[in-house]
Amino acid sequence: MHRHLSVSMADYQKIAHALQKSEGEPVHIRGWIYRTRSSGKLAFVVVRDESTIIQVVAEKERLPDEEFAGAQKALIESSVDIEGLIHEDERAPGGREIHATSFRVIQFAEDFPITEDHSTEFLLDNRHLWLRSRRLTTIMKIRHTVVGAIHEFFRSRGFYEFHPPILQPSQCEGGATLFEVKYYGDTTYLSQSWQLYAEAAVFALERVYDVAPTFRAERSKTSRHLSEFWMAEMEAAWMELDEATQYAKDEIKFVLRRVLEHHERDLAYLGRDPEILRALLDKEWPTIKYREALEVLAEHGMDVPFGKDLRTLEEEELMRHFDTPVVVTHYPKETMAFYKPRDPQHPDEALCFDMLAPEGYGEIVGGSQRSTDIEELMESLEQQGEDPRNYEWYLDLRRYGSVPHSGYGVGVERLLAWICALDNIKDAIAFPRTVTRKSP
RNA sequence: GCCGGCGUAGCUCAGUAUGGUGGAGCACUCGGCUGUUAACCGAGCGGUCACCGGUUCAAAUCCGGUCGCCGGCGCCA
């Protein structure tokens with residue numbers, strides 16, 4: 001059962017390719033058993049590979065006894081190497097099947113734990129096996145396209161890919177949510193954001209971006225939170241708030257366009273109507289101020305006093321009035337992170353923005369112009385209980401040729417969850433990490 | 001952190017109100033079947049009823065406690 005396995009360098013086709021062949025043409029595929037059933041002299045074995053699935057018919061009279069016996073008894077997820085002839089038959093799923101002339105089992109799988117009844121918890125415990133499901137395979141392919149599109153978007157616009165440290169001594173988004181790491185007898189932390197380091201980089205490279213893991217030890221148990229997630233961030237010198245929000249809209253539209261080009265059928269398989277996304281491409285995505293959002297909420301009986309951040313409930317109510325993503329700017333300065341600058345025109349507002357996705361998916365982008373005022377920065381740090389002396393290197397960036405600059409981050413899994421209409425963000429990443437989930 | 005729900009076979013669940021020899025479907029094994037579509041038919045295998053304690057002649061069921069998980073909220077991408 002645990003023998004050494006080997007493969008030959010024969011001429012194999014992807015199943016998707018084999019499915020395009022005509023009646024009687026020979027094919028040679030390899031993959032894993034997806035479904036199987038047999039009667040006395042026939043076995044119907046549906047085989048999957050990375051591309052798709054196809055039904056293989058094994059007939060007792062056409063195969064050596066040993067191979068037919070193998071086809072009959074091989075359990076789901078056994079690995080197989082099959083040669084045969086394409087046969088068009090309306091009884092086959094997809095209208096085409098393979099009549100096997102050779103059926104080699106590479107490894108007889110043990111009883112596969114995942115069957116048709118399953119709880120989300122069980123599937124998470126067996127994530128290393130559930131990864132093979134069509135659902136997760138499809139999502140991972142779309143994720144590949146989303147991340148590729150983000151790289152393409154920024155590179156084609158003159159941005160440099162820049163890598164910040166993952167181990168960082170100071171915080172960016174609030175102290176309670178840091179993961180501590182032992183560091184040669186000292187303590188350091190996993191990155192919550194690349195931002196402070198990206199700000200250092202824009203004085204050299206001017207425009208930088210990155211897609212990198214981010215760690216937040218928030219005790220959030222919701223369908224929108226992960227402890228380890230990927231953030232696609234950009235930071236640009238000589239850029240103010242308006243241009244940054246426009247970049248965010250352009251980037252998300254670009255990603256949608258690439259996904260629609262490559263994954264229309266995948267989206268449909270996941271239950272996401274591609275037309276809903278396509279309709280967004282030609283529309284203008286509104287930008288409103290936080291104060292205007294409060295007015296919309298007040299008209300619908302939700303009185304939020306200026307100064308409170310929008311809660312999930314309020315974001316959802318707000319988004320009921322829009323059918324596209326919406327950018328909300330100028331949140332109250334007092335609740336915002338220390339690096340978000342005051343608006344000189346309205347000192348109680350910060351030059352910052354969030355992008356909210358429709359259909360209840362909420363915040364997918366967060367960003368701001370960055371404060372260049374050392375006094376303001378030190379004051380905000382102290383207000384948030386921080387010691388400005390820990391941020392000397394960051395303050396240095398304002399002492400040597402400071403310029404206006406802005407940046408934002410896109411939550412890759414949140415974006416993916418919205419694009420794929422997932423009901424839980426955990427399915428947007430291969431091995432999710434949450435408050436209560438750290439394995440496999 | 002707060003609120004709600006759940007924990008019984010490998011998996012998904014019923015059984016708990018009203019205590020009385022632990023069930024079903026799926027998976028797996030064996031037998032049958034030459035066109036299956038989550039195949040079907042028959043048989044078999046399979047249990048620390050989350051854990052600890054209590055009440056009782058008798059506890060999956062009642063009482064007390066503990067642990068774990070899921071979801072919502074807060075916070076955030």
Enquirer: Using whole Å, what does the distance between atom P of nucleotide B:rA77 and atom CG of A:Leu310 come to?
Expert: 13 Å
Enquirer: Counting Watson-Crick and G-U wobble pairs only, both distances under 3.5 Å, name the nucleotide matched with B:rG25, or none.
Expert: B:rC11
Enquirer: Grab the two heavy atoms, one from A:Arg370 and one from A:Tyr408, that are nearest each other, plus how far apart they are.
Expert: NH2-N, 3.8 Å
Enquirer: Write down the distance separating the P atoms in B:rC67 and B:rG74, rounded off to the nearest Å.
Expert: 27 Å
Enquirer: Could you tell me which nucleotide pairs with B:rG68 by Watson-Crick or G-U wobble geometry, both distances under 3.5 Å, or answer none if nothing does?
Expert: B:rC6
Enquirer: Give a yes/no answer on whether the side chain of A:Thr312 brings an N or O atom under 4.0 Å of OP1 or OP2 in B:rC75.
Expert: no
Enquirer: Give me the atom names and distance for the closest heavy-atom approach of A:Ser368 to A:Leu351.
Expert: CB-O, 3.3 Å
Enquirer: Which one, B:rG72, B:rA77, B:rG35, comes nearest to the side chain of A:Phe229?
Expert: B:rA77
Enquirer: OP1 or OP2 of B:rG71 sitting under 4.0 Å from any side-chain N/O of A:Ser223?
Expert: no
Enquirer: Need the pair for B:rA77. Rule: Watson-Crick or G-U wobble, both distances under 3.5 Å, any strand; none if unpaired.
Expert: none
Enquirer: The side chain of A:Ser39 is closest to which nucleotide in this list: B:rC69, B:rG71, B:rU34?
Expert: B:rU34
Enquirer: Select from A:Asn424 and A:Arg311 the residue whose nearest nucleotide in RNA chain B is closer to the 5' end of that strand.
Expert: A:Asn424
Enquirer: Just how far, in rounded Å, is P of B:rA77 from CD1 of A:Ile419?
Expert: 19 Å
Enquirer: Without decimals, in angstroms, what is the distance between A:Tyr34 OH and B:rA27 C1'?
Expert: 17 Å
Enquirer: Pick out which of A:Glu235, A:Met239, A:Glu206 makes a side chain to side chain contact (heavy atoms under 4.5 Å, CB included) with A:His405.
Expert: A:Glu235
Enquirer: What's the CZ-P distance between A:Phe108 and B:rU29, to the nearest Å?
Expert: 12 Å
Enquirer: Please classify the nucleic acid contact of A:Asp354 as base, sugar-phosphate, or nothing, using heavy-atom distances under 4.0 Å.
Expert: nothing
Enquirer: Can a side chain N or O of A:Lys426 be found less than 4.0 Å away from OP1 or OP2 on B:rG71?
Expert: yes
Enquirer: Does A:Glu121 get its side chain close enough to the base of B:rG71, under 3.5 Å, for a donor-acceptor pair?
Expert: no
Enquirer: Looking for any heavy atom pair under 4.0 Å, which part of the strands does A:Val412 touch: base, sugar-phosphate only, or nothing?
Expert: nothing
Enquirer: When the P atoms of B:rA27 and B:rU66 are considered, how many whole Å apart are they?
Expert: 41 Å
Enquirer: Please determine whether ring-ring contact (aromatic ring centres under 6.0 Å, His included) holds for the pair A:His163 and A:Trp194, giving the CA-CA distance in whole Å, both sets of side-chain angles, and the decisive distance to 0.1 Å.
Expert: CA-CA 8 Å; A:His163 296 148; A:Trp194 83 324; 9.0 Å; no
Enquirer: What distance, rounded to whole Å, do you find between the two C1' atoms, one in B:rG22 and one in B:rC69?
Expert: 24 Å
Enquirer: Taking pairing as Watson-Crick or G-U wobble with both contacts under 3.5 Å, can you name the mate of B:rC40, or confirm there isn't one?
Expert: B:rG32
Enquirer: Take the protein atom CD1 of A:Ile425 and the nucleotide atom P of B:rG72, then report the distance between them rounded to whole Å.
Expert: 11 Å
Enquirer: Checking only heavy atoms, does the side chain of A:His118 share a donor-acceptor pair with the base of B:rC11 at less than 3.5 Å?
Expert: no
Enquirer: Which value, in whole Å, describes the distance between the C1' atoms of nucleotides B:rC49 and B:rG15?
Expert: 10 Å
Enquirer: For B:rU12, does OP1 or OP2 lie under 4.0 Å from any side-chain N or O of A:Ser119?
Expert: yes
Enquirer: So does A:Arg37 reach the base of B:rC33 with its side chain, donor to acceptor, closer than 3.5 Å?
Expert: no
Enquirer: Can you tell me, in whole Å, how much space there is between the C1' of B:rA59 and that of B:rC40?
Expert: 41 Å
Enquirer: If you check every side-chain atom of A:Ser220, which of B:rG74, B:rG35, B:rC11 has the closest atom?
Expert: B:rG74
Enquirer: Looking across every strand, which nucleic acid part, if any, lies under 4.0 Å from A:Pro113 by heavy atom: base, sugar-phosphate, or nothing?
Expert: nothing
Enquirer: Can you check the distance between B:rA14 and B:rA24, where both ends of the measurement are the C1' atom (answer in whole Å)?
Expert: 7 Å
Enquirer: How close do A:Pro432 and A:Lys426 get, heavy atom to heavy atom, and via which atoms?
Expert: CG-O, 3.8 Å
Enquirer: At less than 3.5 Å, do the side-chain atoms of A:Gln55 and the base atoms of B:rU36 form a donor-acceptor pair?
Expert: yes
Enquirer: Please compare A:His87 and A:Leu75 by the position of their nearest nucleotide in RNA chain B and report the one closer to 5'.
Expert: A:Leu75
Enquirer: Watson-Crick or G-U wobble partner for B:rA60, using a 3.5 Å limit on both distances?
Expert: none
Enquirer: Less than 4.0 Å between a side-chain N and a carboxylate O, is that true for A:Arg272 and A:Glu359?
Expert: yes
Enquirer: When all nucleic acid strands are considered with a 4.0 Å heavy-atom cut-off, which category describes A:Glu97: base, sugar-phosphate, or nothing?
Expert: base
Enquirer: What's the gap between B:rC51 and B:rG68 when it is taken at their C1' atoms, as a whole Å value?
Expert: 10 Å
Enquirer: Can you check the A:Phe44 CZ to B:rA38 C1' distance for me, whole Å?
Expert: 15 Å
Enquirer: Tell me whether the OP1 or OP2 atom of B:rC73 has a side-chain N or O from A:Arg224 closer than 4.0 Å.
Expert: yes
Enquirer: Run A:Tyr160 and A:Tyr209 through ring-ring contact (aromatic ring centres under 6.0 Å, His included) and show every step you take.
Expert: CA-CA 6 Å; A:Tyr160 291 99; A:Tyr209 82 97; 9.5 Å; no
Enquirer: Describe the nucleic acid contact of A:Lys221 in one word from base, sugar-phosphate, nothing, applying a heavy-atom distance below 4.0 Å.
Expert: base
Enquirer: Assign A:Gly366 to base, sugar-phosphate, or nothing according to its heavy-atom contacts below 4.0 angstrom with the strands shown.
Expert: sugar-phosphate
Enquirer: Determine, stepwise, if the pair A:Trp230 / A:Glu413 fulfils side-chain hydrogen bond (donor to acceptor under 3.5 Å, both in side chains).
Expert: CA-CA 7 Å; A:Trp230 287 67; A:Glu413 288 79 11; 4.5 Å; no
Enquirer: If you measure from the P atom in B:rC28 to the same atom in B:rG10, how many Å do you get, rounded?
Expert: 15 Å
Enquirer: How close or far is atom P of B:rU34 from atom CD of A:Gln72, stated in whole angstroms?
Expert: 11 Å
Enquirer: Shortest non-hydrogen contact from A:Asp125 to A:His128?
Expert: O-CE1, 3.7 Å
Enquirer: Categorize A:Ala92 for me: base, sugar-phosphate, or nothing, with a 4.0 angstrom heavy-atom threshold over every strand shown.
Expert: base
Enquirer: Quick one: which of B:rC26, B:rU36, B:rA77 gets closest to the side chain of A:Thr115?
Expert: B:rC26
Enquirer: Considering only B:rU34, B:rC69, B:rC76, which nucleotide approaches the side chain of A:Leu42 most closely?
Expert: B:rU34
Enquirer: Rounded to whole angstroms, how far apart are CG on A:Asp427 and P on B:rC70?
Expert: 13 Å
Enquirer: Using a heavy-atom cut-off of 4.0 Å across all strands, would you classify A:Glu61 as base, sugar-phosphate, or nothing?
Expert: base
Enquirer: Of all the nucleotides listed (B:rU12, B:rU36, B:rC75), which has the minimum atom distance to the side chain of A:Phe122?
Expert: B:rU12
